[in-house]
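Counting from 1, the numbers follow the sequence of the chain as shown.
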Amino acid sequence: MDALLRTLFQSFAKSQSVGRMARRYGLRFGAGRFVAGETVEGAIQAVRALNATGREATLDHLGEFVSTEAEAELSTRMCLKTLDAIADAGVQANLSLKLTSLGLGISEEVCLRNLTAILNRARMHGLFVRIDMEDFAQCEKTISIYKQLREQINNVGIVIQAYLYRSLDDIEALKSLKPNLRLVKGAYKESPKVAYPAKPDVDENFKRLISTHLKNGGYAAIATHDAQIIDYAKQAIQELRVPPDRYEFQMLFGIREDLQHALVREGYKVRVYVPFGSDWFGYFMRRLAERPANVWFVLKNLFK
């Protein structure tokens, strides 16, 4: 049943028509648990609350796969507005973005132009930008663009997904850059030709990625809600004597807050990924696909 629900939610995430229908009803489906509102002002309020409890944040204005340059420019302006809002509010946060929202599907030239403008604004404010990894079809292009930028710009990082077979090779290929990598399991539906289909294999690869990246000397943003993976990372950090300024733990807004607070109490740096915006539906469906048990939470909210 879980596998069926996972496939269903992943297909919904890609459906523009289902997304349009859901957005008519706003966040009352229960998405408000995972999305910090539709405006940057609401997102900043959420970040302030996180900062007050010792947690930092990554803000992500939701949106992907734009089809026109005008749409890509609109997304770029929202990223610039978000960076300005972070700086004006003085909160502890950085920015995450998807290259498809900046026009990668239109052309790399359009995407690079928009991304460079964002990185320049972030550098002006002393802020960091994370390039999110999307589905496998975008992987090679995303890493290529990151490499181009990283040779000249330091305030940018990228995401590596543990469920892809290629990820260990990608980490090794990037190690000379001493990259800032967000290590995740991965949330897209992929073919077994390119991704591990079984969770135990993904978990083992995740551990390999963590230990390899820590040994290589880059910054590790270990993004997981899995207590066993976190325990593994803690042990690797201790054995390798990794200093506190070279790693952090990351989790998603609205998920495992008990674990977030526990890590803060133990003295670890914790960053919470805080998505916001009107284009929340695809993100929400991927969260349900990761853990179909959350569907009961959604059903309860439908009848409130």
Side-chain angles (χ1 to χ4, degrees), residues 35-44 46-47 56-135 137-160 170 174 177-182 218-219 221 250 271-280 282-283:
V35 179
E38 298 190 358
T39 67
V40 68
E41 292 79 13
I44 291 293
V47 173
E56 299 189 14
T58 290
L59 280 177
D60 178 15
H61 179 251
L62 295 170
E64 50 196 288
F65 294 107
V66 301
S67 57
T68 68
E69 288 194 37
E71 290 173 338
E73 289 173 4
L74 178 61
S75 181
T76 300
R77 288 198 296 273
M78 278 304 307
C79 288
L80 296 173
K81 180 179 179 180
T82 301
L83 289 168
D84 291 343
I86 291 170
D88 291 344
V91 292
Q92 296 298 310
N94 57 35
L95 175 73
S96 285
L97 53 80
K98 289 179 172 60
L99 295 188
T100 54
S101 73
L102 303 183
L104 183 59
I106 300 168
S107 74
E108 287 194 20
E109 180 183 1
V110 169
C111 180
L112 273 170
R113 181 176 70 238
N114 291 329
L115 181 56
T116 300
I118 292 166
L119 291 173
N120 286 339
R121 183 71 60 87
R123 184 164 48 186
M124 182 183 77
H125 290 311
L127 298 174
F128 178 82
V129 175
R130 174 84 61 193
I131 299 172
D132 280 340
M133 189 60 72
E134 303 178 64
D135 61 1
Q138 315 304 323
C139 188
E140 185 64 36
K141 289 182 287 187
T142 300
I143 290 176
S144 176
I145 287 174
Y146 171 72
K147 285 180 178 177
Q148 291 179 54
L149 293 167
R150 186 61 181 77
E151 291 174 356
Q152 299 177 341
I153 299 174
N154 292 324
N155 65 324
V156 61
I158 197 170
V159 176
I160 297 293
D170 287 333
L174 291 169
L177 298 174
K178 289 291 188 286
N180 183 319
L181 301 182
R182 182 175 192 254
Y219 189 92
Q250 294 191 356
R271 186 179 302 278
V272 180
Y273 180 92
V274 181
F276 73 97
S278 59
D279 194 11
W280 51 266
Y283 175 86

If you round to the nearest 0.5 Å, how far is CG of N120 from NE2 of H125?
11.5 Å
Minimum-distance pair of heavy atoms, taken over all atoms of C111 and I145
SG-CD1, 4.3 Å
Determine yes or no for a side-chain-to-main-chain donor-acceptor pair under 3.5 angstrom, with N155 supplying the side chain and L127 the backbone.
yes
Nearest-0.5 Å distance that lies between atom CG in L119 and atom CG in N114
11.0 Å
Determine whether a donor-acceptor pair (N or O, by modelled atom type, separation under 3.5 Å) exists between the side chain of E134 and the backbone of T100.
yes
So, taking the atom named OG1 in T76 and the one named CG in L97, what distance separates them when rounded to the nearest 0.5 Å?
8.5 Å
Walk me through it: do D135 and Q138 pass the test side chain to side chain contact (heavy atoms under 4.5 Å, CB included)?
CA-CA 6 Å; D135 61 1; Q138 315 304 323; 3.0 Å; yes
Within this structure, what is the CG-SG distance for the pair D84 and C79, rounded to the nearest 0.5 Å?
11.5 Å
Check step by step if side chain to side chain contact (heavy atoms under 4.5 Å, CB included) holds for F276 and M78.
CA-CA 11 Å; F276 73 97; M78 278 304 307; 4.2 Å; yes
Can you check side chain to side chain contact (heavy atoms under 4.5 Å, CB included) on E69 and R113, steps first, answer last?
CA-CA 11 Å; E69 288 194 37; R113 181 176 70 238; 3.3 Å; yes
Could you report the tightest heavy-atom contact between Y146 and N180, atom names first, then the distance?
OH-N, 4.0 Å
Taking the side chain as every heavy atom from C-beta outward, state whether K98 and D60 have any atom pair closer than 4.5 Å.
yes
When every non-hydrogen atom of V274 is compared with those of A46, the smallest separation belongs to CG1-CB, 4.4 Å
State which residue, out of I118, V110, T116, fulfils the side chain to side chain contact (heavy atoms under 4.5 Å, CB included) condition with L102.
I118
Heavy atoms only: give me the nearest V129-A122 pair and the separation to one decimal.
CG2-CB, 3.6 Å
Treating R150 as the side-chain partner and L177 as the backbone partner, does any N or O pair qualify as donor plus acceptor under 3.5 Å?
yes
Show the nearest heavy-atom pair for residues A221 and Q250, with the distance to one decimal.
CB-NE2, 3.4 Å
For side chain to side chain contact (heavy atoms under 4.5 Å, CB included), just list the numbers for L181 and I158, CA-CA rounded to whole Å, side-chain angles, deciding distance to a tenth of an Å, and then say yes or no.
CA-CA 5 Å; L181 301 182; I158 197 170; 3.4 Å; yes
Side-chain donor-acceptor pair present, R123, N154, cut-off under 3.5 Å
no
Output the distance between atom CZ (R271) and atom CD (E56), rounded to the nearest 0.5 Å.
4.5 Å
pair R182-T58: side-chain heavy atoms closer than 4.5 Å:
no
Taking all atoms of both residues into account, what is the closest heavy-atom pair of M133 and V159, and its distance?
CE-O, 3.3 Å
Answer yes or no: is there a side-chain heavy-atom contact under 4.5 Å between T142 and L104?
yes
Starting at CG of L59, measure out to OG1 of T82 and round the result to the nearest 0.5 Å.
6.5 Å
Quick one: are L115 and V156 in side-chain contact, heavy atoms under 4.5 Å?
no
Quick one, K141 and L99 - any side-chain contact, counting heavy atoms below 4.5 Å?
no
